[in-house]
Protein chains: 4
Amino acid sequence: MASQVARKKIRPAVRTPTLGRGHARVAALKAAGAAVFAEKGYDAATMTEVAAKAGAAIGSLYQFFPTKELLAASLHEDLLAELSRMLEEVRRENAGRPLTALADRLFAGLADFLLRNPAFTALADRRDIDRKRKRATRAQLRGQIAALLAQATPPLAPGKAETVAIVILQLMKAVVSLNGEDASIRETVVPELKRMLQLYLESVGGE
Amino acid sequence: MASQVARKKIRPAVRTPTLGRGHARVAALKAAGAAVFAEKGYDAATMTEVAAKAGAAIGSLYQFFPTKELLAASLHEDLLAELSRMLEEVRRENAGRPLTALADRLFAGLADFLLRNPAFTALADRRDIDRKRKRATRAQLRGQIAALLAQATPPLAPGKAETVAIVILQLMKAVVSLNGEDASIRETVVPELKRMLQLYLESVGGE
Amino acid sequence: MASQVARKKIRPAVRTPTLGRGHARVAALKAAGAAVFAEKGYDAATMTEVAAKAGAAIGSLYQFFPTKELLAASLHEDLLAELSRMLEEVRRENAGRPLTALADRLFAGLADFLLRNPAFTALADRRDIDRKRKRATRAQLRGQIAALLAQATPPLAPGKAETVAIVILQLMKAVVSLNGEDASIRETVVPELKRMLQLYLESVGGE
Amino acid sequence: MASQVARKKIRPAVRTPTLGRGHARVAALKAAGAAVFAEKGYDAATMTEVAAKAGAAIGSLYQFFPTKELLAASLHEDLLAELSRMLEEVRRENAGRPLTALADRLFAGLADFLLRNPAFTALADRRDIDRKRKRATRAQLRGQIAALLAQATPPLAPGKAETVAIVILQLMKAVVSLNGEDASIRETVVPELKRMLQLYLESVGGE
DNA sequence: TATGAATGAGAGTTCATTCAT
DNA sequence: CATGAATGAACTCTCATTCAT
């Protein structure tokens with residue numbers, strides 16, 4: 001066969017299946033990937049384990065995701081899109097409400113999303129992704145949240161909205177990271193974080 | 001990479017050198033380890049690279065740290081000890097001051113420590129360390145901070161102090177994670193996080 | 001890459017299509033195969049790439065050529081046949097002419113053929129084909145060329161003709177291999193090789 | 001361990017052993033590499049087979065030759081150097097002799113070298129090496145042979161010497177390629193090729 | 001018959017760890 | 001103790017080939 005050597009690498013891309021059965025496969029592979037990445041983190045995750053968990057042969061996995069990196073990227077994109085949809089929905093349903101109410105809803109939505117998709121955290125925190133991509137991704141997320149916050153009544157100034165978006169995102173990470181703790185700690189601290197945010201927002205919104 | 005298997009596991013203990021020369025060696029190895037772990041993360045770090053960066057032979061590294069895991073643990077312990085010393089110092093020098101002042105000083109100290117010791121974050125966040133060890137470590141850190149906060153004037157209730165300690169720690173992580181961002185973002189958001197904390201502490205301390 | 005193993009080996013035979021459509025398919029596949037083999041060599045060539053270049057599905061390629069080996073063999077045969085036709089034509093049109101004129105014509109014909117069919121070289125040089133097949137193929141080619149040379153005026157002795165055929169063939173390879181070189185080199189050296197051959201033939205023919 | 005992923009690839013280089021026993025290993029590995037490359041060609045050769053033939057573990061092979069490519073390159077360089085030494089020796093010992101004698105000696109030396117080092121042919125003919133490297137290598141070889149020829153009595157004009165060098169080299173390839181043939185063929189044709197060269201050189205030298 | 005998904009042996013390569021010198 | 005060579009399991013990825021649709 002062709003040299004096993006690293007060949008030209010013509011920028012391989014995720015292959016979209018053309019046949020029906022392929023779609024199910026791809027879905028299973030993605031699910032398995034998400035599970036493994038979530039459990040072990042990107043580095044410690046193994047393509048072999050992903051394939052096994054999906055009940056597929058290793059070659060099948062590679063048919064659709066030509067590299068581990070691409071599998072991760074694809075997963076990340078999917079999750080990002082879902083998150084984006086969720087944010088848009090929150091925006092639609094809560095436009096015009098006061099800032100604190102907005103933040104409450106947003107907080108709940110984010111927490112729900114992150115808890116249901118632990119792979120997102122694992123993939124977003126990777127230290128070895130393209131700086132640009134990382135930056136772009138964050139900018140998009142922040143932008144969307146800022147836009148959401150800007151629709152409060154009274155409205156937040158755009159610059160302020162961006163800052164507040166970042167603050168909220170950071171608090172979200174805190175909430176998520178508390179997930180590894182005892183329930184008693186979680187149940188004590190999470191409400192405090194929320195309360196802290198509310199205090200902060202009141203001070204911000206009243207400006 | 002899915003942990004390269006540890007072939008055998010007899011004798012798991014960091015060897016403490018007896019001679020002065022040994023101490024220098026160990027120090028160099030630790031410094032190199034910290035640098036590499038900080039730069040690449042635990043998984044992607046390589047024992048070979050650590051040894052090389054320390055100007056030592058790979059065998060020499062293993063003489064003192066029989067396992068990658070043990071090197072990380074040793075490093076982590078060292079940093080924890082240093083952090084502990086720092087916290088104790090803050091406590092000594094600020095006992096009796098109001099809560100907000102305490103928090104300010106603590107915040108500054110923590111930020112300084114974490115920025116000077118990026119390896120700490122890399123090692124503390126590892127997903128694959130002994131759950132127990134992790135828990136114990138956190139408990140110790142939180143306890144120390146809680147003790148510090150309990151010495152405010154007026155004093156915080158012990159239970160409350162523990163909660164606040166966690167909140168502060170989480171905010172610290174946020175500050176640290178903002179380090180990868182543009183300076184402009186950092187300079188806008190970090191003060192806001194501080195302000196948020198102050199608002200929170202005022203509400204807590206006034207109880 | 002150390003031949004990817006042929007899993008099973010039942011039914012090894014090129015399927016000949018019955019319909020017109022099939023013929024077009026096969027032709028496209030062969031053309032693609034020739035192109036890929038010529039560009040990358042047998043080992044580095046990929047069945048997938050061949051199919052892609054032919055605009056066919058991989059399954060379609062295997063329908064007609066159950067093995068990479070068989071595709072190569074089929075191609076090789078085709079080219080050999082074409083070469084044979086060409087030699088026959090040269091023989092017909094030049095019978096009775098002096099040896100040097102014959103050689104000139106032969107040289108031109110061979111060069112033209114090899115330059116138009118780079119796959120021939122790629123396939124003929126394979127180190128891993130059946131020794132017997134290789135030998136037989138060469139014998140045929142040499143025989144045909146010897147027969148051609150034997151028709152010169154004055155005629156060459158049969159044994160001598162065989163030897164001269166080999167010499168000519170070797171010189172042809174040289175000409176072909178010079179194709180990767182700068183034009184200036186090619187244009188200087190190729191005429192010299194021809195001149196050398198003429199000198200040699202004069203010495204041979206005058207015996 | 002560190003990501004199994006293709007990392008930065010900091011231009012790895014062949015490692016020279018520092019300890020005595022390493023030298024023996026490296027020699028064995030090179031010998032095995034030469035044997036396998038010669039037998040199967042670069043593509044079909046396997047690092048595993050090379051290691052096995054050297055009686056070494058695969059990791060040992062990679063300790064000194066971080067890639068298959070580098071092993072091949074190192075081997076090629078060695079052989080080139082040996083060839084170069086041989087040519088220099090021929091030059092030293094035959095300066096001033098007539099062109100035909102020179103060529104005779106050169107021919108014998110080259111044939112001997114190539115027959116003793118079949119890996120050279122396998123490695124020099126690789127289709128996938130850097131065009132520049134290939135060109136440079138050939139230029140060097142030709143230059144050295146041309147220099148040798150220029151020392152004939154009477155001397156060859158430099159431009160002509162370069163051309164003749166190429167002609168000789170091409171004839172050498174022919175000789176080598178005849179090695180796969182029956183002894184009877186080889187013994188008939190090789191002398192003819194030599195005779196052809198002599199005729200050519202007489203015509204060239206007499207200009 | 002055409003299509004493309006599925007398969008899995010095998011290739012190149014890495015790195016934690018051991019051990020002779 | 002120091003050194004660096006030796007080891008080999010495990011990893012990512014490829015591709016000839018098969019087979020369900």
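Labels below follow one simple rule: chain letters A, B, ... track the order of the sequence lines, proteins then strands, and each chain is numbered from 1.
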Next item on the list: Applying side-chain contact (heavy atoms from CB on, under 4.5 Å), name anything that partners C:Asp130, two or more places apart in sequence or on another chain.
Entry: C:Lys132, C:Arg133

Check: Using a 3.5 Å cut-off on both pairing distances, which stems of three or more Watson-Crick or G-U pairs include DNA chain F?
Finding: E:2-21 with F:2-21

Next item on the list: Give a yes/no on whether any side-chain N or O of A:Thr46 is located under 4.0 angstrom from OP1 or OP2 of F:dC11.
Entry: yes

Next item on the list: Let me know the distance between CZ of A:Arg15 and P of E:dT3, rounded to the nearest Å.
Entry: 14 Å

Next item on the list: Could you state the atom-to-atom distance from NZ of C:Lys40 to P of F:dT14 in whole Å?
Entry: 13 Å

Notebook entry, point to check: Pairs in or reaching into residues 24-35 of chain A: which pass salt bridge (charged side-chain N to carboxylate O under 4.0 Å, His left out), with residues at least two apart or in two chains?
Noted result: A:Lys30-A:Asp78

Margin query: Check the phosphate of E:dT7 against A:Arg25, side-chain N and O only, distance under 4.0 Å to OP1 or OP2. Yes or no?
Written below: yes

Next item on the list: Grab the CG-C1' distance between A:Asp128 and F:dT12 for me, whole Å please.
Entry: 15 Å

Next item on the list: Would you name the heavy atoms of A:Phe65 and A:Leu29 that are closest together and state the gap between them?
Entry: CE1-CB, 4.1 Å

Next item on the list: Using the test salt bridge (Lys or Arg N to Asp or Glu O under 4.0 Å), find all partners of B:Glu77 that sit at least two apart in sequence or belong to another chain.
Entry: none

Note to self: Which residues pass the side-chain contact (heavy atoms from CB on, under 4.5 Å) test with A:Ala72, not counting sequence neighbours?
What the structure shows: A:Phe37, A:Tyr42, A:Leu123, A:Arg126

Next item on the list: Any pair with a residue in residues 57-67 of chain D that passes salt bridge (charged side-chain N to carboxylate O under 4.0 Å, His left out), sequence neighbours left out, goes on the list, sorted by first then second residue, please.
Entry: none

Next item on the list: Using atom CE of A:Met47 as one end and atom C1' of E:dT14 as the other, report the distance to the nearest whole Å.
Entry: 17 Å

Notebook entry, point to check: A:Glu49 has an atom CD; how far is it from atom C1' of F:dT12, in whole Å?
Noted result: 15 Å

Item checked: Closest to side chain of B:Lys68, choosing from E:dA5, E:dT17, E:dG12 -> E:dT17

Next item on the list: Go through D:Leu75 and D:Phe120 one step at a time and tell me if the side chain to side chain contact (heavy atoms under 4.5 Å, CB included) criterion holds.
Entry: CA-CA 8 Å; D:Leu75 241 29; D:Phe120 185 79; over 6 Å; no

Next item on the list: Nearest whole angstrom, please: distance from the P of F:dG4 to the CZ of D:Phe64.
Entry: 11 Å

Margin query: D:Ala38: which residues meet the side-chain contact (heavy atoms from CB on, under 4.5 Å) condition with it, sequence neighbours left out?
Written below: D:Pro118, D:Ala119

Item checked: Rounded distance in Å - CG (D:Leu29) to C1' (F:dA5) -> 11 Å

Item checked: Inter- and intrachain pairs under side-chain hydrogen bond (donor to acceptor under 3.5 Å, both in side chains), touching residues 47-58 of chain A, at least two apart -> A:Lys40-A:Glu49

Check: Considering only heavy atoms, which members of residues 55-63 of chain A lie under 4.0 Å from some atom of DNA chain F?
Finding: A:Ile58, A:Tyr62

Check: For the pair made of CZ in C:Phe65 and P in F:dC15, what is the distance, rounded to whole Å?
Finding: 21 Å

